[in-house]
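In what follows, a structure is listed as structure tokens, so that the remarks can point back to it.
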Number of protein chains: 4
Amino acid sequence: MPKLGMEPIRRDALVKATITEIGRAGSLDVTVSQIAKRAGVSSGLAHHYFGSKEQIFVAAMRHILSVYGAQVRAALTLAKGPRERLEAIIRASFEAGNFRSEVISAWMNFYVQAQTSEGARRLLQLYQARLRSNLIHDLRPLVGAAASEMAANIAALIDGLYIRHALRDSKPDGQRASERVLACLEMMLSDHLCSENIPAGGMKP
Amino acid sequence: MPKLGMEPIRRDALVKATITEIGRAGSLDVTVSQIAKRAGVSSGLAHHYFGSKEQIFVAAMRHILSVYGAQVRAALTLAKGPRERLEAIIRASFEAGNFRSEVISAWMNFYVQAQTSEGARRLLQLYQARLRSNLIHDLRPLVGAAASEMAANIAALIDGLYIRHALRDSKPDGQRASERVLACLEMMLSDHLCSENIPAGGMKP
Amino acid sequence: MPKLGMEPIRRDALVKATITEIGRAGSLDVTVSQIAKRAGVSSGLAHHYFGSKEQIFVAAMRHILSVYGAQVRAALTLAKGPRERLEAIIRASFEAGNFRSEVISAWMNFYVQAQTSEGARRLLQLYQARLRSNLIHDLRPLVGAAASEMAANIAALIDGLYIRHALRDSKPDGQRASERVLACLEMMLSDHLCSENIPAGGMKP
Amino acid sequence: MPKLGMEPIRRDALVKATITEIGRAGSLDVTVSQIAKRAGVSSGLAHHYFGSKEQIFVAAMRHILSVYGAQVRAALTLAKGPRERLEAIIRASFEAGNFRSEVISAWMNFYVQAQTSEGARRLLQLYQARLRSNLIHDLRPLVGAAASEMAANIAALIDGLYIRHALRDSKPDGQRASERVLACLEMMLSDHLCSENIPAGGMKP
DNA sequence: AATGAATGAGGATTCATTCAT
DNA sequence: GATGAATGAATCCTCATTCAT
């Protein structure tokens with residue numbers, strides 16, 4: 001008994017099922033049938049809505065990124081001043097909803113898929129660009145021209161902590177991960193202050 | 001033309017062909033036949049020597065890690081003092097032979113496979129443990145108890161830079177990547193000096 | 001042209017094709033593709049419905065046994081009294097539909113497969129148990145405690161005649177085979193009568 | 001270090017290894033490599049001596065039959081008079097060396113292979129012919145023209161008991177099996193005596 | 001809108017057989 | 001005589017995709 005307006009519901013169910021299944025399998029070796037079954041629909045319907053398996057994956061990635069983006073935006077509205085905003089961005093990255101082994105696994109896999117799928121690649125590049133621009137936006141008032149370099153380091157650190165948790169057996173601890181990044185941020189900021197007052201190269205003993 | 005003592009030669013050819021093919025495909029979706037053909041042997045022989053596709057992948061990973069390990073050791077013999085040793089470790093990570101898009105791609109894929117294959121997981125964990133212990137060994141003389149935390153950050157940064165290059169279209173620039181990590185290292189070291197002289201919490205404005 | 005409710009039709013076609021192909025090949029060295037082609041479907045569908053080649057074989061065996069069982073039951077409803085019933089059981093075993101070289105061949109092969117496949121073994125054990133209990137049921141009124149031993153002999157004789165026809169070049173003659181078993185049965189029954197009146201051991205000269 | 005006169009030793013080892021492996025596997029799905037390994041030689045050598053896998057199987061079958069034949073002959077030289085000779089033939093069939101689950105399994109498989117391999121078929125037909133002629137030779141003095149029919153029944157019974165043990169989980173009991181056949185033989189013989197003195201058809205009640 | 005029957009290409013794996021040494 | 005390296009055909013099985021209903 002087909003109903004009207006089911007499309008968004010089905011799409012959503014399929015996207016969520018995709019993330020779940022990828023997390024469960026720990027790889028993209030997930031069949032369309034598995035995804036469809038978990039979403040409670042037929043495999044035919046999955047193709048009907050998404051056209052191909054790759055598109056399903058891309059949609060799933062887009063979903064993860066948009067959830068993440070929404071969280072960042074939400075956190076930013078509450079934050080006051082650059083420092084709080086930076087903290088908000090970093091904490092959002094390791095927020096419990098994102099920093100689950102399931103999502104980490106999907107994330108990892110999407111990086112791999114980005115090597116093959118143009119759609120996947122564009123999405124991840126978009127994510128990187130956004131994170132970068134968010135960080136720069138709030139670093140600039142604090143460190144000026146050094147913002148770009150610093151943003152790149154923070155971003156790499158975040159991604160590095162993600163990837164390192166893909167091997168962990170224990171449950172990911174987002175709290176601890178964000179503390180670590182925040183500590184590094186503090187370090188960079190204070191280092192920047194020092195280096196402004198001290199002649200360049202003075203750091204090296 | 002069957003000869004005696006071909007085993008090590010074939011194994012080596014197959015391992016190298018595997019890395020090449022994974023790099024070319026950008027994913028583990030590489031057939032045994034492709035690998036075998038590139039190695040100049042039949043697909044049957046690949047199974048004869050490795051038993052299964054997964055084993056071939058694990059062997060390829062082991063190869064990458066052992067090459068990397070050898071480079072680190074070589075660099076360490078030339079280095080004098082903790083600082084030079086730390087620099088050697090970091091530079092080795094981004095040395096031209098490792099930091100090629102081909103190897104980066106294989107690396108990424110192995111992370112993914114580690115979620116499924118016990119052998120792959122163990123190897124990567126081994127890599128992480130070694131890197132960590134190498135770093136700690138030379139950080140301890142410089143920063144004492146802070147070595148552990150600092151090592152984790154450096155390691156995450158290295159991995160993060162790797163992963164970020166998986167999306168790049170341009171050729172990976174190992175030189176620049178290691179400069180970046182080294183700069184961070186300097187920062188952490190100098191920060192450590194400061195914080196020893198300044199009351200805790202004093203950093204926060 | 002996919003339709004609804006095709007499953008039973010396809011399963012049936014595949015099972016019959018399996019028996020035909022095994023008979024034609026004279027061995028279980030029959031590919032799934034051959035079976036599928038004869039059934040007029042793709043090889044994929046065969047797996048879709050049965051899961052594996054072994055399952056297809058087991059289903060084919062089950063089919064043969066159920067046809068045989070139905071024939072026995074049908075014959076038994078018409079039979080009056082133990083003797084007629086025994087005759088019905090024996091004749092059913094060599095009935096033209098079962099005692100074809102095709103089915104004999106499949107039968108032989110299933111015995112072999114029973115050494116490897118638990119499913120096959122259970123089915124054949126079930127067949128043996130049923131034949132035995134059918135025979136005992138109607139022998140008991142005639143010979144009492146001797147029924148068990150006698151049933152075993154009749155059953156072995158039936159199987160023996162089957163196996164011996166696997167080597168024959170000529171068409172199996174079920175009529176003659178059942179006459180032979182029936183003659184043996186008569187012999188056993190009359191012998192039983194004699195031995196009741198004559199002191200044990202008196203047979204040996 | 002090749003030696004002279006190794007051929008018969010190697011052939012023998014391979015033949016025995018074949019029977020062992022078939023017994024172990026419960027099917028003819030045994031690789032030449034397995035057989036060769038068990039015989040302690042290379043797979044190449046197996047082909048060198050036998051030419052093909054089928055020939056190896058045929059040789060193994062020939063071995064089993066010749067052992068069996070030798071046992072029958074040996075038993076016959078000790079036997080005095082037709083009855084003792086018949087008993088000797090039957091007991092030889094279920095002698096401990098033959099009536100092992102290993103050999104039963106090989107036997108079963110050879111019946112199957114006889115449907116495909118001309119060599120196998122000829123050997124089995126030879127076995128059947130010999131058994132038949134042995135039985136007839138000693139039945140004739142006892143029952144005259146009925147010998148042929150009776151021999152066929154005894155032979156079928158023997159084969160039937162063999163096949164029935166292919167499904168048993170317990171160790172085959174050759175002693176009991178031959179008792180059973182001998183009892184049937186007695187029955188047939190005494191029945192023959194009766195029927196000579198009683199009008200035909202008098203058996204039916 | 002939704003199903004699931006059906007296909008068929010593709011891939012891992014096995015193994016008999018060959019052959020240079 | 002003996003090895004075992006090497007091949008490649010053969011086969012089971014999976015799965016994305018299509019399509020009639």
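Both backbone and side-chain heavy atoms feed into the values below; hydrogens, waters and symmetry mates do not. No experiment lies behind these values; they were computed from the predicted model shown. Every chain is numbered from 1 and lettered A, B, ... according to where its sequence line falls, protein lines coming before strand lines.
Residue pairs satisfying the side chain to side chain donor-acceptor pair (under 3.5 Å) criterion with at least one member in residues 13-22 of chain B, sequence neighbours excluded, are listed as follows: B/Asp12-B/Lys16, B/Glu21-B/Arg24, B/Glu21-B/Arg38. Applying the salt bridge (charged side-chain N to carboxylate O under 4.0 Å, His left out) rule to pairs touching residues 113-122 of chain D yields C/Asp169-D/Arg121, D/Glu118-D/Arg122, sequence neighbours excluded.
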Side-chain polar contacts of residues 102-109 of chain B - donor-acceptor pairs under 3.5 angstrom, sequence neighbours left out - could you list them?
from	atom 1	to	atom 2	distance (Å)
B/Glu102	OE2	B/Arg100	NH1	3.4
B/Ser105	OG	A/Gln115	OE1	3.0
B/Asn109	OD1	B/Leu28	N	3.3
B/Asn109	ND2	B/Ser105	O	2.8

Show me the side-chain donor-acceptor pairs of residues 49-56 of chain A shorter than 3.5 Å, one per line, residues at least two apart or across chains.
from	atom 1	to	atom 2	distance (Å)
A/Ser52	OG	A/Glu54	N	3.4
A/Ser52	OG	A/Gln55	N	3.3
A/Lys53	NZ	A/Val30	O	2.8
A/Glu54	OE2	A/Ser117	OG	2.8

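In this structure, the side chains of D/Ile163 and D/Tyr111 stay at 4.5 Å or more apart for every pair of heavy atoms.
The interatomic distance linking C/Phe57 (CZ) with F/dT11 (P) rounds to 12 Å, in whole Å. Counting to the nearest Å, the C1' atom of E/dG10 and the NZ atom of B/Lys37 are 14 Å from each other. Atom CZ of C/Phe50 is separated from atom P of F/dC12 by 15 Å (rounded to the nearest Å). C/Tyr49 places its OH atom 18 Å from the P atom of F/dC13, with the value rounded to the nearest Å.
Residues that satisfy the side-chain contact (heavy atoms from CB on, under 4.5 Å) test with C/Ser33, not counting sequence neighbours, are C/Thr31, C/Ser43. With sequence neighbours excluded, no residue satisfies side-chain hydrogen bond (donor to acceptor under 3.5 Å, both in side chains) with D/Asp29. With sequence neighbours left out, the side-chain hydrogen bond (donor to acceptor under 3.5 Å, both in side chains) criterion links D/Arg10 to no other residue. A/Lys37 pairs by the salt bridge (Lys or Arg N to Asp or Glu O under 4.0 Å) definition with nothing, not counting sequence neighbours.
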Seminar exercise, completed: B/S/- along nucleotides 11-17 of chain E (protein heavy atoms under 4.0 Å) is SSBBSSB
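Applying a 4.0 Å cut-off to non-hydrogen atoms, none of the residues of residues 9-23 of chain A approaches DNA chain F. If you check residues 107-121 of chain C against DNA chain F, you find no residue with a heavy atom closer than 4.0 Å.
With values rounded to the nearest 0.5 angstrom, A/Leu65 atom CG is found 6.0 Å from A/Leu123 atom CG. From B/Ile22, atom CD1 reaches atom CD1 of B/Ile64 across 7.5 Å, with rounding to the nearest 0.5 Å.
The aromatic ring centres of B/Tyr127 and B/Tyr68 sit less than 6.0 Å apart.
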Problem set entry | side chain to side chain contact (heavy atoms under 4.5 Å, CB included) between D/Leu124 and D/Met61, intermediate numbers included | CA-CA 9 Å; D/Leu124 279 183; D/Met61 198 173 358; 4.1 Å; yes
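Scanning DNA chain E for stems, defined as runs of 3 or more consecutive Watson-Crick or G-U wobble pairs whose donor-acceptor distances all fall under 3.5 Å, gives the following ranges: E:2-21 with F:2-21.
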